[in-house]
Amino acid sequence: MIDPRLLRSDPDLVRAGLISRGVSSSTIDELIALEAQGRTLDGERDDVRAQVNALSKQIGELHRDGRGDEAGELQAQSRSLGDAEKAIDERATTIGDALRRRLLELPNLPSPDAPDGSGEDANVVVRIEGFDEGRYGEHHRVPHWESAVELGILDLERAAKISGAMFVLYRGRGARLQRALVQFGLDRNADAFEEVRPPTMVRTDTLMSTGQLPKFADDAYHLERDDLWAIPTAEVPLTSLYRDEVLAETDLPVRLMAHTSCFRREAGSAGRDTRGLLRLHEFDKVEILAYATPDQAHDMHAELLRRAEGAIADLGLPYRILDLCTGDLGISSARTFDIEVYAPGADRWLEVSSVSWFSDYQARRANIRFRPTGGKGTELVHTLNGSGLAVPRVWAALVETYRRADGSIEIPEVLHPYMGGTTVIPGPV
RNA sequence: GGAGAGGUGGCCGAGUCAGGUUGAAGGCGCUUCCCUGCUAAGGAAGUAACUGCCGUAAGGUGGUUCGAGGGUUCAAAUCCCUCCCUCUCCGCCA
C-alpha cells in the first residue's frame with residue numbers, strides 16, 4: 001500500500017508515479033477526494049466523541065459522589081450526541097472502507113530509476129551473459145518435453161493423469177536433479193541467509209500483506225472449507241513472518257531463504273506456455289528474501305540480484321538481465337530485475353528470477369517496522385526478494401543446454417556433489 | 001472432533017463474576033540523573049503504538065487501541081454474541 005498521507009502532501013508525485021504504471025488520472029482524483037472527505041469526517045466524529053467522553057466522565061464523577069440522580073440531563077445530552085456521532089461515523093466508515101479498498105488495489109510507486117514504459121518491449125536489457133547463438137548444434141534444438149520424456153526422467157502424461165495439465169512428475173535421475181537444484185540453491189546462500197521452512201497454506205491476511213490479494217484472487221488456489229490459500233511463492237509466508245512486529249535497527253538487515261512448493265492457478269494465461277515445464281500449477285523454488293532499512297535497501301537489492309544471478313552463472317547457463325519498465329512491474333514492486341535463462345530447445349528466454357525491491361509497500365500492508373537506533377518512534381522496513389532458484393525452468397534449460405549428440409545429458413560440475421555420483425544422464429538405448 | 005482454562009503495555013502480573021477520573025496497580029527491564037575511589041547496592045525522574053489538528057521545532061491538544069470483529073450502555077479491559085490463538089485432558093493421527 002502506498003502512504004495515504006502522500007495523497008495530500010505530494011499529490012503530484014503520486015499522480016506521476018501511478019500514471020506511469022497505468023492507473024487512470026480519474027482514479028487518482030477520486031482517491032484524493034476520498035482521502036480529504038474521509039479526513040474531514042474523521043475530524044468531526046472525533047470532536048463529537050470528545051464531547052461524549054467528557055460528559056461520561058462528568059456522569060461518572062456524579063455517581064462517585066453519590067449524586068447519580070442528578071445525572072439525567074447529562075445522560076440525555078450525551079445520548080443525543082451519541083446519535084449524531086453514529087450518523088457521522090457511518091459516513092466516515094463508508095468512505096474509509098472505500099479508500100482502503102482502493103488503496104489495497106493500487107500498485108506501488110515505481111522507483112525513479114525504473115525505466116519508464118508500458119509493455120514488455122520497454123524493458124531494458126541490462127546485459128546478456130554467456131549467450132552465443134552459434135554454439136548450438138542440432139542436438140541442442142530438442143525441447144525438453146521431447147528429450148526428457150524420451151529419457152524417462154520426465155513423465156508428463158502420468159502427471160496429467162494424476163493431477164491434470166500443467167502439473168509435472170519427475171522420475172529417477174530427473175527427480176534427483178530437481179532435488180539437487182534445490183540443495184544447490186539453498187547451500188550457496190547459507191553463508192548469510194537463515195533457512196526457513198514455512199507453511200505453504202496461509203490465511204487471507206497473509207496473502208493480503210504481500211499484495212496478491214485482493215486483486216489477484218483468481219490466480220491463487222483457495223481451500224474454501226478452511227479458508228486457506230496455497231502460497232504462490234515463499235515470499236508470502238516469509239514476508240508475513242514479522243508481520244505486526246517491531247524490529248530493532250540492529251536486527252536489520254534480516255536475510256531469510258526458503259524452499260517450498262509454489263502453487264499458481266495461472267488463470268490469466270490459459271493456453272500459453274503449456275508445453276513441458278514452462279508454466280506449472282505447482283513447482284519448487286528457493287526464495288531469498290530480506291528486510292532492510294530504507295538506507296540498506298539499494299545495496300540489498302544488488303546483493304539479491306548478485307546471488308540469484310550467481311546461481312545461474314555457476315550452472316553455466318546463458319542468461320540476460322532485464323530492468324523492468326514501470327508498466328511491467330508487479331503490483332507491489334518499486335523496481336524489479338528479471339533474470340531470463342536461454343533454453344535452446346524451446347528457443348526461448350525463460351524468466352527464472354524476479355528480484356524486486358518493494359520499498360515500504362508490503363511493510364505498510366503487513367505492518368512491519370523497526371525502531372531506529374537512538375531515534376524516536378518507529379519506521380517501516382523495506383522488503384526485497386528474489387528467486388534464488390526456480391527449479392522447473394532451470395531444470396528445463398539444463399536438460400536442453402547440456403544435451404549431447406548421443407542424447408545423453410551432462411550434469412554441470414557444481415551439481416555433482418548433489419547427484420550421488422551421477423555426472424551424466426545416459427542417452428536413450 | 002469432545003470437555004475445560006486462558007489471551008492485559010518491552011516482559012511478568014493486578015483489575016473482569018458489584019461497568020464510571022484505569023491507558024490501565026505492583027514488579028522486572030530499559031533511559032537519564034544523584035550518591036559511591038571502581039563495581040555492587042541505594043535514591044529520584046522518565047519509559048506503548050497508531051493517528052487528526054495546531055506548531056519551524058520542542059511540544060500541545062483530540063481520537064483509537066487491554067487477542068480480532070460486532071452488540072448493549074450516557075460510559076466497556078470489565079456485560080452479551082461470533083471468530084482467532086495458546087494451554088490441559090480425552091479421541092484420532094504421520
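Sequence lines set the chain letters: A, B, ... in the order given, protein chains first and strands last, and positions in each chain run from 1.
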Modelled atom types, side-chain donor and acceptor of [X] and [Y], under 3.5 Å:
{"X": "A/Y319", "Y": "A/E340", "answer": "no"}
{"X": "A/E351", "Y": "A/S354", "answer": "yes"}
{"X": "A/T27", "Y": "A/S24", "answer": "yes"}
{"X": "A/E235", "Y": "A/T210", "answer": "no"}

- Message: Counting only heavy atoms not in A/R158 (residues, nucleotides, ligands), do more than 12 fall under 6.0 Å from its CZ?
- Response: no
- Query: Just wondering, more than 12 heavy atoms not from A/H298 lying within 6.0 Å of its NE2?
  - Reply: no
Give a yes/no on whether any side-chain N or O of [X] is located under 4.0 angstrom from OP1 or OP2 of [N].
{"X": "A/R369", "N": "B/C50", "answer": "yes"}
{"X": "A/R8", "N": "B/G52", "answer": "yes"}
{"X": "A/N53", "N": "B/U64", "answer": "yes"}
{"X": "A/R39", "N": "B/C53", "answer": "yes"}

Would you mind checking if [Y] and [X] are paired as a salt bridge, meaning a charged N to carboxylate O distance below 4.0 Å?
{"X": "A/E35", "Y": "A/R39", "result": "yes"}
{"X": "A/R307", "Y": "A/E303", "result": "yes"}
{"X": "A/D42", "Y": "A/R45", "result": "yes"}

- Task: Give me the ring orientation class for A/F184 and A/Y418: parallel if the planes are under 30° apart, tilted from 30 to 60°, perpendicular past 60°.
- Result: perpendicular
- Query: Quantified in whole Å, what is the P atom distance between nucleotide B/C12 and nucleotide B/U73?
  - Reply: 36 Å
- Item | P gap between B/G62 and B/A3, integer Å | 49 Å
- Message: Once pairs are restricted to Watson-Crick or G-U wobble with both distances under 3.5 Å, how does RNA chain B read as a dot-bracket string, [ ] for crossings and | for other-strand pairs?
- Response: ((((((((.[[[..)....(.....]]]((((((.......))))))(((((((....))))))).[[[[[..)....]]]]])))))))....
- Item | Verdict with supporting geometry, A/T233 and A/K285, side-chain hydrogen bond (donor to acceptor under 3.5 Å, both in side chains) | CA-CA 8 Å; A/T233 157; A/K285 178 158 68 68; 2.9 Å; yes
- For A/L55, which contact category applies under a 4.0 Å heavy-atom criterion: base, sugar-phosphate, or nothing? nothing
- Query: Which part of the nucleic acid, if any, lies within contact of A/R45, taking any heavy atom under 4.0 Å across all strands shown: a base, the sugar-phosphate backbone alone, or nothing?
  - Reply: nothing
- Task: Starting at atom CG of A/L41, determine the distance to atom P of B/G62, rounded to an integer number of angstrom.
- Result: 22 Å
- Query: Please give, in whole Å, the distance from B/C54 C1' to A/D47 CG?
  - Reply: 13 Å
- Could you say whether A/A54 or A/I59 is positioned toward the 5' end of RNA chain B, judged by the nucleotide with the nearest heavy atom to each? A/A54
- Task: Could you say whether A/R371 or A/A76 is positioned toward the 5' end of RNA chain B, judged by the nucleotide with the nearest heavy atom to each?
- Result: A/R371
- Message: How close do A/A297 and A/H382 get, counting heavy atoms only, and between which atoms?
- Response: CB-ND1, 3.6 Å
Nucleotides 83-87 of chain B: which of its N/O atoms have a protein N/O under 3.5 Å away?
unit_1 : atom_1 : unit_2 : atom_2 : d
B/C84  : O3'    : A/R203 : NH2    : 2.9
B/C84  : O2'    : A/R203 : NH2    : 3.4
B/C85  : OP1    : A/R203 : NH2    : 3.3

- Item | For RNA chain B, the residues among residues 77-106 of chain A that have a non-hydrogen atom under 4.0 Å from it | A/S78, A/R79
- Taking only the side-chain heavy atoms of A/E61 (C-beta and beyond), determine which of B/A75, B/U21, B/C50 contains the nearest atom. B/U21
- Task: Identify which nucleotide among B/G20, B/G62, B/C74 has an atom closest to any side-chain atom of A/V52, counting heavy atoms from C-beta outward.
- Result: B/C74
